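Notes follow the structure.
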Amino acid sequence: MSIVGVFFVYGLAFFTLGLAVAIYPKKDSAFRLADKMWLLAAFGIIHGINEWVDMFMLIRKPASEDFLNYLSLLFLAVSFLFLFQFGVSLIAESKNKYRALKALPAILFIGWIAIVVFHDQRILLGNIWARYLLGAPGIFLAAWALLLQTSQFREMNLTVISRHLKLAAGALAGYAVFSGLVVPQAAFFPASVLNYTEFLNVSGIPVQVLRSVCAVLITYAILRVLAVFQWETNTRVRNLLAESQKAYAELGKLEKVKDSLTQMIVHDLNNPLGIILGSVEMLDRGPGDKLSGEQKDALRVALDNISEMRDMISNLLDIGRMEEGKLPLHYENIKLDVFLKEATDALQILAKGRGKSISIHLPADAPEIRADKDILKRVIFNLVGNALKFTPVGSEVVIAASYSAANKEVLISVKDQGEGIPKEYLGRVFDKFIQVDPAKKVKRSGKGLGLTFCKMAVEAHAGKIWVESQAGKGSTFYFTIPAETVN
């Protein structure tokens with residue numbers, strides 16, 4: 001390989017080292033090494049560019065090399081300064097008694113600048129003293145710093161990383177000799193003895209070749225060390241996942257306890273509430289004319305609210321059973337026209353009293369379906385009851401049904417003429433304990449159990465339920481019964 005090729009490999013090795021260290025993720029690492037790696041990255045990139053500048057000068061041999069020589073000299077000194085700072089910073093962090101070392105690179109760099117400024121042979125002396133003052137001590141200290149880090153990795157049984165740190169430290173020690181002590185020839189000791197010419201005469205190998213070998217070894221070892229940060233990230237992710245799974249399991253247990261407690265309380269409320277409802281109904285029928293109009297209105301309000309509470313309790317109990325898969329469905333043949341009329345008879349009276357109406361639209365050949373009649377009736381009751389709440393006076397709620405031979409399913413819809421459901425809440429209307437007040441356009445916490453029951457009841461029949469709504473144009477709830485339930 002020609003000397004130009006040696007310079008190219010030399011520069012490429014260190015540039016690759018610097019770039020890899022710079023882009024490798026090390027954020028929030030627990031290793032002392034991580035916080036100081038940017039100094040090593042700066043050394044690698046700048047030193048690699050320095051070698052390529054030297055290579056360019058060998059290839060082009062420009063008539064005036066002053067600018068490139070000074071540029072190369074600056075890159076050389078600054079790169080060694082970064083490596084020097086990398087070493088002393090790690091040592092100071094590992095050994096508190098050596099904290100004073102952190103000031104050494106800056107002091108020696110100032111001394112190097114003075115040499116360059118106040119001597120005539122700036123290029124030659126600048127190169128030599130950059131290696132003596134910054135290169136040799138900085139590289140040796142960087143090697144020692146890496147050796148100090150091996151203890152932290154051994155404690156964590158990361159022996160492979162520890163071995164690669166030792167390899168990097170050894171290669172750095174060799175590089176300190178070949179790059180920090182073997183310098184251009186000069187008239188003073190030790191440059192007069194340990195220089196490029198004498199080294200070539202003794203060994204027969206240009207010192208740049210051995211420098212490039214050290215650079216490749218350093219780069220290889222450091223790149224292998226970088227794998228520890230990926231290992232650390234993977235370990236952190238696994239630990240977080242394990243903690244999340246544990247927390248999820250604990251949450252699941254708490255959820256089961258909460259559901260069990262809720263079911264127990266609701267079940268215990270059911271019986272006394274039934275007694276209260278029966279007593280209030282008896283009072284409503286018994287006193288007759290003895291009650292004033294205001295008292296009758298109050299009694300009617302009480303009856304309505306007790307009935308609503310009973311429905312809520314029934315929904316809660318049935319939702320709990322469906323969640324546990326303990327609510328059996330009793331299938332029977334159902335004629336849609338008869339079924340929908342029965343399901344809405346009580347609601348028709350309620351709608352008329354509020355100045356609203358309910359209409360049912362069925363095709364002439366409306367099919368029979370097989371379903372749990374009581375469960376499906378409560379689905380219709382909930383959907384139509386909700387629609388009546390939000391349909392203005394003088395409007396109607398429309399119930400429609402159809403059979404699609406193509407999709408092999410019965411589709412039932414309930415349409416109101418209310419304000420509609422805000423778009424951002426369409427996906428939450430079937431959640432437990434959530435209601436949406438269209439008039440206020442805000443989410444309102446409340447009972448919110450009717451639609452949850454509808455969803456679970458329809459899905460228990462292997463059907464689907466959804467809602468379509470547009471602001472100011474009302475909402476339409478749809479649910480399907482699959483083809484296998486059709487006679």
Side-chain angles (χ1 to χ4, degrees), residues 20-38 41 93-94 149-165 222-267 312 315-327 421-436 442-460 462-467:
V21 172
I23 66 177
Y24 213 88
K26 302 172 286 295
K27 186 177 180 182
D28 299 326
S29 173
F31 295 108
R32 290 188 297 266
L33 192 63
D35 291 339
K36 304 299 182 289
M37 290 295 276
W38 70 272
E93 203 166 286
S94 303
Q149 306 313 304
T150 58
S151 60
Q152 187 180 17
F153 292 101
R154 284 198 306 271
E155 290 169 2
M156 301 179 69
N157 293 321
L158 297 171
T159 54
V160 173
I161 302 300
S162 180
R163 284 200 300 268
H164 283 107
L165 278 174
I222 295 298
L223 290 181
R224 295 300 300 269
V225 169
L226 288 177
V228 77
F229 299 114
Q230 183 63 50
W231 170 86
E232 184 181 28
T233 300
N234 292 340
T235 301
R236 189 182 296 127
V237 169
R238 284 195 298 270
N239 291 339
L240 287 173
L241 181 60
E243 290 175 7
S244 298
Q245 289 173 337
K246 183 179 178 180
Y248 182 77
E250 292 295 327
L251 187 62
K253 291 178 183 178
L254 291 174
E255 185 72 18
K256 287 181 180 178
V257 171
K258 183 204 75 174
D259 288 343
S260 299
L261 183 60
T262 301
Q263 290 293 310
M264 180 181 68
I265 293 172
V266 169
H267 185 272
M312 182 178 68
N315 285 336
L316 266 174
L317 289 171
D318 289 342
I319 287 170
R321 293 189 190 105
M322 282 188 281
E323 286 176 335
E324 296 175 2
K326 295 180 180 179
L327 182 66
I421 300 171
K423 186 178 180 180
E424 59 269 30
Y425 299 121
L426 284 176
R428 300 208 57 197
V429 293
F430 297 105
D431 291 351
K432 269 195 292 190
F433 305 113
I434 293 295
Q435 284 188 333
V436 175
V442 294
K443 186 174 65 168
R444 175 168 57 87
S445 180
K447 297 179 290 297
L449 295 169
L451 291 178
T452 304
F453 171 81
C454 292
K455 182 177 187 294
M456 299 190 74
V458 169
E459 290 177 351
K464 296 179 294 183
I465 187 168
W466 69 97
V467 61

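Not measured: the values here are computed from a predicted model.
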Identify the heavy atoms of Val467 and Val429 that sit nearest to each other, and give their distance. CG1-CG2, 3.9 Å
Which heavy atom of Phe430 sits nearest a heavy atom of Thr452, and at what distance? O-OG1, 3.0 Å
Could you name each residue pair satisfying side chain to side chain donor-acceptor pair (under 3.5 Å) that touches residues 223-234, not counting sequence neighbours? Ser29-Glu232, Tyr220-Arg224, Gln230-Asn234
Side-chain donor or acceptor of Ser162 paired with backbone N/O of Leu158 under 3.5 Å: no
The reported gap from CG in Asn157 to OG1 in Thr159 (rounded to nearest 0.5 angstrom) is 7.5 Å
Spatial distance of atom CD1 (Ile222) from atom CG (Leu33) [nearest 0.5 Å]: 7.0 Å
Measure the CD-CG distance between Glu93 and Asp35 for me, rounded to the nearest 0.5 Å. 6.0 Å
Does the Lys26 side chain pair with the main chain of Val21, one donor and one acceptor, at a distance under 3.5 Å? yes
Without swapping roles, check the side chain of Arg236 against the backbone of Asp28 for a donor-acceptor pair under 3.5 Å. yes
Which value, rounded to the nearest 0.5 Å, describes the distance between Ile161 atom CD1 and Gln149 atom CD? 13.0 Å
Parallel, tilted or perpendicular: which describes the rings of Phe229 and Phe31, with under 30° parallel and over 60° perpendicular? perpendicular
Distance check, rounded to the nearest 0.5 Å: Leu451 atom CG versus Met456 atom CE? 13.5 Å
Does any non-hydrogen side-chain atom of Lys246 lie less than 4.5 Å from one of Glu243? no
Taking NZ in Lys455 as the centre, count heavy atoms belonging to other residues, nucleotides or ligands within less than 6.0 Å. Is the count above 12? no
Here the gap from Leu251 atom CG to Ser244 atom OG, rounded to the nearest 0.5 Å, amounts to 11.5 Å
Distance only, no hydrogens: is a donor on one side chain within 3.5 Å (strictly under) of an acceptor on the other, for Thr235 and Arg238? yes
Over all atoms of both residues, closest heavy-atom pair of His164 and Val225: CB-CG2, 3.8 Å
